[in-house]
Number of protein chains: 2
Amino acid sequence: MSEKPNIYQLDKEIGNLKYTDLLPNTELNKAMHTTETFLKQLVNILLNYIKESNDRNEKVLHFYHPAEMKAMLDLDIPEKGLPLQKLIDDCFTTLKYQVRTGHPMFMNQLSCGLDVVSMAGEWLIATANTNMFTYEIAPVFILMETVVLEKMRQIIGWQGGDSILAPGGSISNLYAFLAARHKMFPTYKEKGLSAIKGQLVMFTSDQCHYSVRSCAAVCGLGTDNCVEVPSDKRGRLIPSELERLVLERKAKGDIPFFVNCTSGTTVLGAFDPIEEIADICQKYNMWLHVDAAWGGGLLLSKKYRHPRLTGIERADSVTWNPHKLMGTLLQCSTIHFKQDGLLISCNQMSAEYLFMQDKLYDVRYDTGDKVIQCGRHNDIFKLWLQWRAKGDEGFEKQIDRLMELAEYMVKKIKSMPDKFYLILEPEMVNVSFWYLPTRVRNMPHEKRLNILGEITPILKGRMMQAGTMMVGYQPLNDLPNFFRNIISSAAVTEGDIDFLLTEMDRLGHDL
Amino acid sequence: MSEKPNIYQLDKEIGNLKYTDLLPNTELNKAMHTTETFLKQLVNILLNYIKESNDRNEKVLHFYHPAEMKAMLDLDIPEKGLPLQKLIDDCFTTLKYQVRTGHPMFMNQLSCGLDVVSMAGEWLIATANTNMFTYEIAPVFILMETVVLEKMRQIIGWQGGDSILAPGGSISNLYAFLAARHKMFPTYKEKGLSAIKGQLVMFTSDQCHYSVRSCAAVCGLGTDNCVEVPSDKRGRLIPSELERLVLERKAKGDIPFFVNCTSGTTVLGAFDPIEEIADICQKYNMWLHVDAAWGGGLLLSKKYRHPRLTGIERADSVTWNPHKLMGTLLQCSTIHFKQDGLLISCNQMSAEYLFMQDKLYDVRYDTGDKVIQCGRHNDIFKLWLQWRAKGDEGFEKQIDRLMELAEYMVKKIKSMPDKFYLILEPEMVNVSFWYLPTRVRNMPHEKRLNILGEITPILKGRMMQAGTMMVGYQPLNDLPNFFRNIISSAAVTEGDIDFLLTEMDRLGHDL
């Protein structure tokens, strides 16, 4: 973004005014005029940002180290409030130095891109500024939740059941854990540890999201009792290993009760085999949770749903984050339960002062007593509006397109074996690979691994300093640092992927 | 809101277009034009909603029962996506039936009002659509967090320490509990229950927010081990009772380790005596958490801070929600720790793939490893911008004004003892009272209590059906249903309070 154009000047009269001149100042018409001018000026800045984020001639970011950035910016809170013009300047400057996560070349996270309709939904959510705990103060939004969540459960393959939106997939997974514990040990809620004799144990693959282990810490199980099951070379949990470990713990007198099955792992995008895991859960009476925070979006695709998510309807609970593959604005995470009534019996604290039964309307629509957060942000409208815009058909098309682009990228990488090394054929839009600088191209692969692990972060640093693109990297088990490219933005084209690979070579060949 | 004016028609050409014509469609200029037209039309609807919310001639809500509302609205997700004009209509209709939480006569929740600057911040947050886990993808916002949170800790009275923003006060309280457990029993994270011998016990007043008890359930303590300490008639925890109960549990061999002290209870707005509770915590080596989610805003007021929050600097952790008394947009909740380093050692799961140490920049700015949510919504910019707008001085003025208005309301209620019965002189902006319909005015108070408990929900129902105002009610211990009016919106004036009391009488005198 170039220097601030004059277009961002509020006219002098309004620019010198302060927040006290905006609504709710009681001179309604005058305050409305000021409010309107102020907000429209902000919208110009936001529109410009959106345009630049979609312009391939613009950079993804202008990188500065934290200390440099701090020195450049005026972030302090003043004793006396600043005039409206200064606030507009603040908005401009903030975006100027922000990373453009909606830029086609931002392929750094599971959530990329900017869905304009979902964003419009979030602007409306902000303006409505309400809390989701009761129908009383969020009637339309509460009804939207029931419609959308029921639809999602049907897509999973259930009739009935119950769901809730949570602040992120980690909290969704926590909900699943709590419900499982409550279902199996109903007195745990009141008695805690003394409700059961023996150690509860949960199981998950070594590729799972770290929130599953965090769950074990939060809930008092202890991470030692979150057993990591080995995965195969493609990152998928090995069912026979799961059974072996369950038996091992049972032999010790422990109580295996919960298995997390990941559908779309964070790094490799792998899908644990649900059917085989479900058989084991059934055999040993354990709760089956499917963490499809990442892979859930594929449920919308006839082409890609199977075999990846085959059997998901056998789960007791499913996490599915629309803010990832579906491109809904951050945050939008859902957790679904096959059994209705569990959320409320697990989480209800009977706060009489909030969830009275003698209200004017049917209080079964109040959701506050089902959740652990009390207040809940409105995360539904942006998803509902987006889904209205696309329809089922549009979402399917978009997701199929992302998968095709990932396949295109894999093909391109394989066509240049001197410059790139594909780590595996992915099941999802995660493309994992090493870039090979000139000096290692003729080395045996085993011998150059350490070098690759060292140059990957350096190349990432060069990308950020050039500002032309952002791709994530990480180590994984024995594999030293490698790139994991994510195609989850509807903005990406084949041309962008070509550019990415060319640019990587330009920036990294001499490393 | 009257019927949809023509102003909400997109011109015919654009109205028939679909989401695929918006950005990121690759015809940049054409798609930008469509995007701009679409968003500006949305902004007109939002501006109109803001204006109506501030117009005392407009209603707070148009009430419909859930079944009626469902029948009136088209909430279904279609197979094929809808045209842009239909999405604009959707936005209009949604707001038409939404409760205007920014209306001066909405005094129903702890969070009331619409702060326009904070809302502007939330629009920008939506447009930037980033996640707060790393400096890499949210550089400016991460720095803003460090500045604002450090300032808040200084206001509490600490040098150093650490803080994080959480999705609501309940999760903030959960963070405090986790940190306390981790500090006192560092092996609990790995070992769980087997880390200690004996039952952990926490203490809180019977007036506390229900999330404190929920914490006990979530973390595996069990609600039976969350001991409720009696409060006095004004809703404040009785320190001698706390000490008695601590000793009682100790005598049983249990391990008291955590005390929650509420600063601003949900119903009465009471402040537990921090100093006396801190003395007891010190004596018995227990963690002191101050839940100032509601009352924290008073820290900004020289006039009202003392004696209510005197001693807060002795706490080990403090919850403080700017989205309540400070009027920041939902959600904005903060949790602060006196000791630095605790958040990370407690919550870190060492997800190598996300929080690498070999990055380009100083990774101490990455926050993802400190939190239990992994991804984190950007909740800082709306607070930062709002604080820039008001300055410390403006915030103080606003909060003093809310307190003065509450005092005004108390005075008015006391001046009409035939029509209203004040339950107590509040310490905060919660005004608790019964409305007295004509037939009970000459009854002895004890005799009419049951009637008051019955008519209060009916009067609330009449308010909602008239749509002229919203005030919350609830029972509390022995007290049957009574009104709890909250003045936390900067829009409220003395005239609004006069209207509220007159309108209550108009709607309820014949009950």
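Computation of the quantities below employed the complete heavy-atom set of this structure, encompassing side-chain atoms and omitting hydrogens, waters and symmetry-equivalent molecules. A note on names: the letters A, B, ... follow the listed sequences, proteins ahead of strands, and every chain is numbered from 1.
- Side-chain contact between B:Lys40 and A:Leu47: present, with at least one pair of heavy atoms (C-beta onward) separated by less than 4.5 Å.
- The residue among A:Cys91, A:Gly113, A:Ser111 with the most heavy atom pairs within less than 4.5 Å of chain B is A:Cys91.
- Of the atoms belonging to A:Leu329, heavy atoms from both backbone and side chain fall under 4.5 Å from chain B.
- Here the side chain of A:Asn129 pairs a donor or acceptor atom with the backbone of B:Leu330 at under 3.5 angstrom.
- Relative orientation of the B:Tyr135 and A:Phe63 rings is perpendicular, given thresholds of 30° and 60° on the angle between their planes.
- The greatest number of non-hydrogen atom pairs below 4.5 Å with chain B, out of A:Leu84, A:Asn481, A:Val218, A:Val148, is found for A:Val218.
- Counting only distance, with no hydrogens or angles, the side chain of A:Arg376 and the backbone of B:Gly168 share no donor-acceptor pair below 3.5 Å.
- Per-residue heavy-atom pair counts under 4.5 Å with chain A were compared for B:Val116, B:Leu124, B:Ile50, and the maximum is reached by B:Leu124.
- Top candidate by heavy-atom pairs under 4.5 Å with chain B, chosen from A:Gln386, A:Lys18, A:Met470, is A:Met470.
- The distance from the CG atom of A:Leu28 to the NZ atom of B:Lys51 is 6.0 Å, given to the nearest 0.5 Å.
- Within the 4.5 Å cutoff, the side chain of B:Asp76 has no heavy atoms near those of the A:Lys151 side chain.
- The line from CE of B:Met349 to SG of A:Cys215 is 9.5 Å long, rounded to the nearest 0.5 Å.
- Checking side-chain atoms of B:Thr101 against main-chain N and O of A:Thr130 turns up no donor-acceptor pair under 3.5 Å.
- Both the backbone and the side chain of A:Thr127 come within contact range of chain B, each with at least one heavy atom under 4.5 Å from a heavy atom of that chain.
- Atoms NZ and CD1, on A:Lys390 and B:Ile77 in that order, are 12.5 Å from each other to the nearest 0.5 Å.
- Neither the backbone nor the side chain of A:Lys382 comes within contact range of chain B, judged by heavy atoms closer than 4.5 Å.
- Proximity of a side-chain donor or acceptor of B:Gln373 to a complementary backbone N or O of A:Ser170 within less than 3.5 Å is not detected.
- Ranked by non-hydrogen atom pairs under 4.5 Å with chain B, the options A:Glu122, A:His182, A:Arg181 are led by A:Arg181.
- There is no contact between A:Thr146 and chain B, counting heavy-atom distances below 4.5 Å.
- Counting heavy-atom pairs closer than 4.5 Å to chain A, the top-ranked of the candidates B:Val43, B:Leu200, B:Leu178, B:Ile137 is B:Ile137.
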- Task: Test salt bridge (charged side-chain N to carboxylate O under 4.0 Å, His left out) on B:Lys460 and A:Glu136 and set out the steps.
- Result: CA-CA 11 Å; B:Lys460 171 66 181 271; A:Glu136 187 173 326; 2.5 Å; yes
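- If you take CD1 on B:Ile171 and SG on A:Cys374, they are separated by 10.5 Å, rounding to the nearest 0.5 Å.
- Of the possible polar contacts, none joining the A:Arg388 side chain to the B:Leu87 backbone as a donor-acceptor pair under 3.5 Å is found.
- For the set A:Leu39, A:Leu75, A:Val140, A:Val99, the entry with the most heavy-atom pairs within less than 4.5 Å of chain B is A:Leu75.
- Side-chain contact check for A:Tyr361 versus B:Met69: every heavy-atom pair is 4.5 Å or farther apart.
- Proximity to chain B involves both the backbone and the side chain of A:Lys80, based on heavy atoms less than 4.5 angstrom apart.
- With a threshold of 4.5 angstrom between heavy atoms, B:Thr26 approaches chain A through side-chain atoms but not through N, CA, C or O.
- Minimum heavy-atom separation, B:Ala128 to A:Leu95: CB-CD2, 4.1 Å.
- Within the 4.5 angstrom heavy-atom criterion, only side-chain atoms of A:Thr493, from C-beta onward, approach chain B.
- Considering CE of B:Met119 and CG of A:Leu23, their distance stands at 9.5 Å, rounded to 0.5 Å.
- Between the side chain of B:Trp123 and the backbone N or O of A:Trp123, at least one donor-acceptor pair lies under 3.5 Å.
- Both the backbone and the side chain of B:Asn131 come within contact range of chain A, with heavy atoms under 4.5 Å apart.
- Checking A:Glu190 against B:Asn225 by side-chain atom types alone, no donor-acceptor pair falls below 3.5 Å.
- Note on B:Ala491, B:Gly220, B:Gly192: by heavy-atom pairs under 4.5 Å with chain A, the leading option is B:Gly220.
- Smallest separation of non-hydrogen atoms from A:Tyr19 and B:Gly394: OH-CA, 3.3 Å.
- Only the side chain of A:Tyr365 comes within less than 4.5 Å of a heavy atom of chain B; its backbone N, CA, C and O stay farther away.
- Interface residue A:Leu22: only side-chain heavy atoms are found under 4.5 Å from chain B.
- Among the candidates B:Gly121, B:Gly102, B:Pro139, B:Gly169, the residue making the largest number of heavy-atom pairs closer than 4.5 Å to chain A is B:Pro139.
- Per-residue heavy-atom pair counts under 4.5 Å with chain A were compared for B:Pro167, B:Cys219, B:Cys346, B:Gly461, and the maximum is reached by B:Cys219.
- At least one side-chain heavy atom of A:Trp384 sits under 4.5 Å from a side-chain heavy atom of B:Asp90.
- Only the side chain of B:Leu73 comes within contact range of chain A, with heavy atoms under 4.5 Å apart.
- When A:Gln199, A:Met32, A:Met464 are compared by the number of non-hydrogen pairs under 4.5 Å with chain B, A:Met32 comes out ahead.
- Note that NZ of A:Lys191 is 4.5 Å distant from CG of B:Asp224, once rounded to the nearest 0.5 Å.
- The closest side-chain heavy-atom distance from B:Leu143 to A:Tyr97 is not below 4.5 Å.
- Annotation for A:Ala138 and B:Gln98: closest pair CA-OE1, 3.6 Å, computed over non-hydrogen atoms.
- In terms of modelled atom types and a separation under 3.5 Å, the side chain of B:Gln331 and the main chain of A:Gly375 share a donor-acceptor contact.
- Options B:Met144, B:Arg56, B:Lys86 differ in how many heavy-atom pairs under 4.5 Å they form with chain A, and the most are formed by B:Met144.
- For A:Asn54, the parts lying near chain B are the backbone and the side chain together; criterion is any non-hydrogen pair under 4.5 Å.
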